[in-house]
Peer 1: 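The following block contains the structure, expressed as structure tokens.
Proteins get letters first, then strands, A, B, ... in listed order; numbering begins at 1 in each. Worth knowing before you read on, the calculation uses all heavy atoms, side chains too, and leaves out hydrogens, waters and symmetry mates.
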2 protein chains.
Amino acid sequence: MAISRLDDGKPINTQLIVLLRNRIVQGELLPGAKLSEAKIAADLGVSRQPVREAFIKLADEGLLEIRPQRATVVPKISVPRVMEVRFVREAIEADIVRLAATRFGRAEHGELARIIAAQEGADSVEEFIAEDDRLHRFLAEGVGQGYAWGVVESLKLQLDRVRFLTVRQFPKQSILDHHRAIVAGVVAGNPDRAEQAMRAHLNAINDDLPEIAKSMPELFEDHVGAGGQPDLA
Amino acid sequence: MAISRLDDGKPINTQLIVLLRNRIVQGELLPGAKLSEAKIAADLGVSRQPVREAFIKLADEGLLEIRPQRATVVPKISVPRVMEVRFVREAIEADIVRLAATRFGRAEHGELARIIAAQEGADSVEEFIAEDDRLHRFLAEGVGQGYAWGVVESLKLQLDRVRFLTVRQFPKQSILDHHRAIVAGVVAGNPDRAEQAMRAHLNAINDDLPEIAKSMPELFEDHVGAGGQPDLA
DNA sequence: GCTTGACAACTACCATACCAGTTGCCAGAC
DNA sequence: GTCTGGCAACTGGTATGGTAGTTGTCAAGC
């Protein structure tokens, strides 16, 4: 049941990827949830094959864990993994913003100001997040590194999963301050300032992550012991 | 025919991914080659399903282009795309080597020296490349960024495809000099020197790329026109 | 009560069959 | 000779059936 409207022109597998990805990132499917090709297929009124392909894709993105002949589960959030993903994102966007600081001209500076203004005026969280993405994307595409943004976007999924857990106490003011600092560095044509602002911005999650993990430990992987599950296989 | 030994314990789709990826990266399947799920499946004596999954995975990696109801082809090499991939790799490895320069101790310095020595003594191209990878991987994993190396590894596929075209005039001496400079910066505990050496190393492909593209233009995408194929759909 | 082994109920993986869309060829009309 | 329409031969996408492997349960034996 609950055929969540799968009737676009696009192939079914693609639609399933988007559908399931949203459910996982937005926390509708929580870490630990067990999925099954057959069940999902039956619920959505499609065959198991497209579901399987969606599972594989999401497993590649780190949003699912396929355990053959056992089950497919939404993995618990691994704090060390999140920090590693964040590291990669910071490295990429630091270089991007340096380029922007040296290459952007008046036209791009204007667009940056418009995005900041739109984000200030956003009244819903969804809109705020959309403008957030727009800023980062524009920086990348503006310096001709659209591919890099694609990489960041796939990494970001795992970070967004954490972000959606804290959507209540979403620090809008703090994020806006960070964005203003980044844009200021770019407009000033100062790569060092822009880079530092970007790194500080992306480091913010490190402040929140430990307390988030403590407040809802059932969603996080224990990493107290030396390593993972004591699988005696 | 030609069942290229697919009898490991691993799942068939995984084996197919590795098999096809090697054929593409190593230039056995050249840009422009047209593949077919059915044909590959018949040739290897398996069903179309695992072949299909391998196609999807390789398409994600940029090594195949699936055109529904038309064909699946090995894409021509896009010079701008290669440069964008290279940009991302440089950003990631620059930050990694900075960490290595500040964190590595005597034990890691010894391992770096051993890898350099092994690469100096390599007599086959394959061995040389293997030691090359080992150095980069060790830098990443040594600073606790194994995930970042995974990202680089998937990016590298598209760069390796170019590298294998030039395997004849492979600049071993130049690469070794670069590696020595990187290691020197790390051992000296000088992040700036290490970073600059790494960036210079990874920038080397930019010197060769234009002339490679000119010498074998049939393997490269024309990017003279404003944009891609004039698909009038 | 506790352990153990067989069975039932899952799982993901693979094979096969069918479907819809695209392409290219070729015959017929002009 | 050129153009056009339709059919045949592909393509990848989807549906379904069957198989091997894992897990949990429950009854039989100690």
Peer 1: Would A:T72 and A:E37 count as a side-chain contact (heavy atoms from CB on, under 4.5 Å) here? Give the steps.
Peer 2: CA-CA 8 Å; A:T72 295; A:E37 287 180 3; 5.9 Å; no
Peer 1: Between protein and nucleotides 5-14 of chain D, map the contacts as a letter string: B base, S sugar-phosphate only, - none, heavy atoms under 4.0 Å, written 5' to 3'.
Peer 2: ------BBBB
Peer 1: Go through the steps to decide whether B:R52 and A:Q49 satisfy the test side-chain contact (heavy atoms from CB on, under 4.5 Å), and finish with yes or no.
Peer 2: CA-CA 11 Å; B:R52 170 174 172 74; A:Q49 211 50 49; 5.6 Å; no
Peer 1: Rounded to whole angstroms, how far apart are CG on A:L64 and P on C:dT11?
Peer 2: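 Checked: the CG to P distance equals 15 Å.
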Peer 1: Determine, stepwise, if the pair B:R86 / B:E90 fulfils salt bridge (charged side-chain N to carboxylate O under 4.0 Å, His left out).
Peer 2: CA-CA 6 Å; B:R86 194 210 60 77; B:E90 177 184 328; 2.6 Å; yes
Peer 1: Counting neighbours of NZ on A:K34 that are heavy atoms of other residues, nucleotides or ligands and sit closer than 6.0 Å, is the number greater than 12?
Peer 2: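 No, the 6.0 Å shell around NZ holds no more than 12 heavy atoms from other groups.
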Peer 1: Spell out, as yes or no, whether a donor-acceptor pair under 3.5 Å connects the side chain of A:N203 to the backbone of A:R199.
Peer 2: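 Flag set: sc A:N203 to bb A:R199 pair under 3.5 Å.
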